[in-house]
Amino acid sequence: MSLIKSSINQNNIEEVKTMAIQPSECSIFIQIWVDTNALQYGSTNGVYLVDNNYNNGSSEEGTTSLVTHATTNSKICWTILNTNINSDVTLSIANFSGASVFGSGGTPQPYQPNIWTGQVQANGEAQYSITFNTEQGPDVTTTVCPTLSVHS
């Protein structure tokens with residue numbers, strides 16, 4: 001199981017952007033909506049994953065068990081968002097792990113602290129994990145485990 005970690009700050013964000021796939025190149029967008037009030041209790045309650053690929057077979061939308069269907073070589077953009085736009089709590093993705101379907105060159109990379117991009121390069125179905133943190137407010141780390149189902 002591979003593990004990718006990030007510690008992005010304002011000084012190196014431009015360097016990170018040049019290494020990651022640009023969000024404008026992506027065809028699949030996965031959003032992680034977080035009710036930060038629920039996270040204060042250390043639970044995945046209040047965490048909802050959705051994608052823009054429902055018509056192509058994605059399922060379990062609105063849960064932490066999202067199954068995203070994709071074709072080989074699809075580029076994917078993950079964004080984490082606070083459901084309360086007035087909240088001072090900010091969220092960032094800390095790492096991805098697992099998912100052999102990323103292949104050797106598609107492992108998600110940070111574009112911004114709350115946006116990561118990657119590419120599925122191998123066929124198959126694999127569960128992967130996304131760990132995210134609060135950057136302001138309560139110090140909470142949470143992991144969700146959605147699935148990628150990749151076919152030609």
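Bear in mind the structure is a predicted one, so any value in this text is a computation, not a measurement.
Atom CD of Glu125 and atom OG1 of Thr147 lie 6.0 Å apart (nearest 0.5 Å). Rounding to the nearest 0.5 Å places CG of Asn95 at 12.0 Å from OG1 of Thr107.
Ile28 and Ala70 get closest at one heavy-atom pair: CD1-CB, 3.4 Å. Nearest heavy atoms, Asn52 versus Ser27: ND2-O, 3.2 Å. A pairwise comparison of heavy atoms in Thr143 and Ser129 identifies CG2-CB, 3.6 Å as the closest pair. Between Tyr128 and Gly98 the shortest heavy-atom distance is CB-C, 4.2 Å.
Residues satisfying the salt bridge (Lys or Arg N to Asp or Glu O under 4.0 Å) criterion with Glu60, sequence neighbours excluded, are absent altogether. Scored by the side-chain contact (heavy atoms from CB on, under 4.5 Å) test, Glu61 finds Val50, Asp51, Tyr54, Ser58, Leu66 as partners (sequence neighbours excluded).
With hydrogens and angles ignored, the 3.5 Å screen pairs no side-chain donor or acceptor of Asn123 with any backbone N or O of Ser149. A donor-acceptor pair under 3.5 Å is absent between the side-chain atoms of Gln31 and the main chain of Thr79, judged by distance alone. In this structure a side-chain-to-backbone donor-acceptor pair under 3.5 Å is missing from Asp139 to Thr134. Side-chain N or O atoms of Asn53 include one that pairs as donor or acceptor with a backbone N or O of His69 at under 3.5 Å.
Taking 4.5 Å as the limit, some side-chain heavy atom of Val101 sits within range of a side-chain heavy atom of Val150. Looking at heavy atoms from C-beta onward, Thr68 lies in side-chain contact with Ile30 at the 4.5 angstrom threshold. Annotation: side chain of Leu49 is in contact with side chain of Val144 (closest heavy-atom distance under 4.5 Å). Between Ile76 and Gln119 there is no side-chain heavy-atom pair separated by less than 4.5 Å. You'll find the side chain of Pro108 reaches within 4.5 Å of the side chain of Phe102, heavy atoms only. You'll find the side chain of Pro23 reaches within 4.5 Å of the side chain of Ile115, heavy atoms only. Taking the side chain as every heavy atom from C-beta outward, Cys26 and Ile21 approach each other to under 4.5 Å. Under the 4.5 Å side-chain criterion, counting only non-hydrogen atoms from C-beta, Gln121 is not in contact with Thr72.
Hydrophobic clustering, with ILVMFWY side chains joined whenever heavy atoms are under 4.5 angstrom apart, groups Val140 together with Phe132. Linking ILVMFWY side-chain heavy atoms closer than 4.5 Å, directly or via other members, places Leu91 and Ile32 in a single hydrophobic cluster. With hydrophobic clusters built from ILVMFWY side chains whose heavy atoms lie under 4.5 angstrom apart, Phe96 does not share a cluster with Val67. Both Val47 and Ile93 are members of a single hydrophobic cluster when ILVMFWY side chains are connected at heavy-atom separations under 4.5 Å. Cluster annotation: Tyr48 is connected to Leu81 through the hydrophobic network of ILVMFWY side chains, with a link wherever side-chain heavy atoms come within less than 4.5 Å.
Aromatic ring centroids of Trp116 and Tyr111 lie 6.0 Å or more apart. Between Trp78 and Phe29, the gap from one ring centroid to the other reaches at least 6.0 Å.
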- Message: Pair His151, Thr71 - check side chain to side chain contact (heavy atoms under 4.5 Å, CB included), show working.
- Response: CA-CA 5 Å; His151 55 87; Thr71 56; 3.7 Å; yes

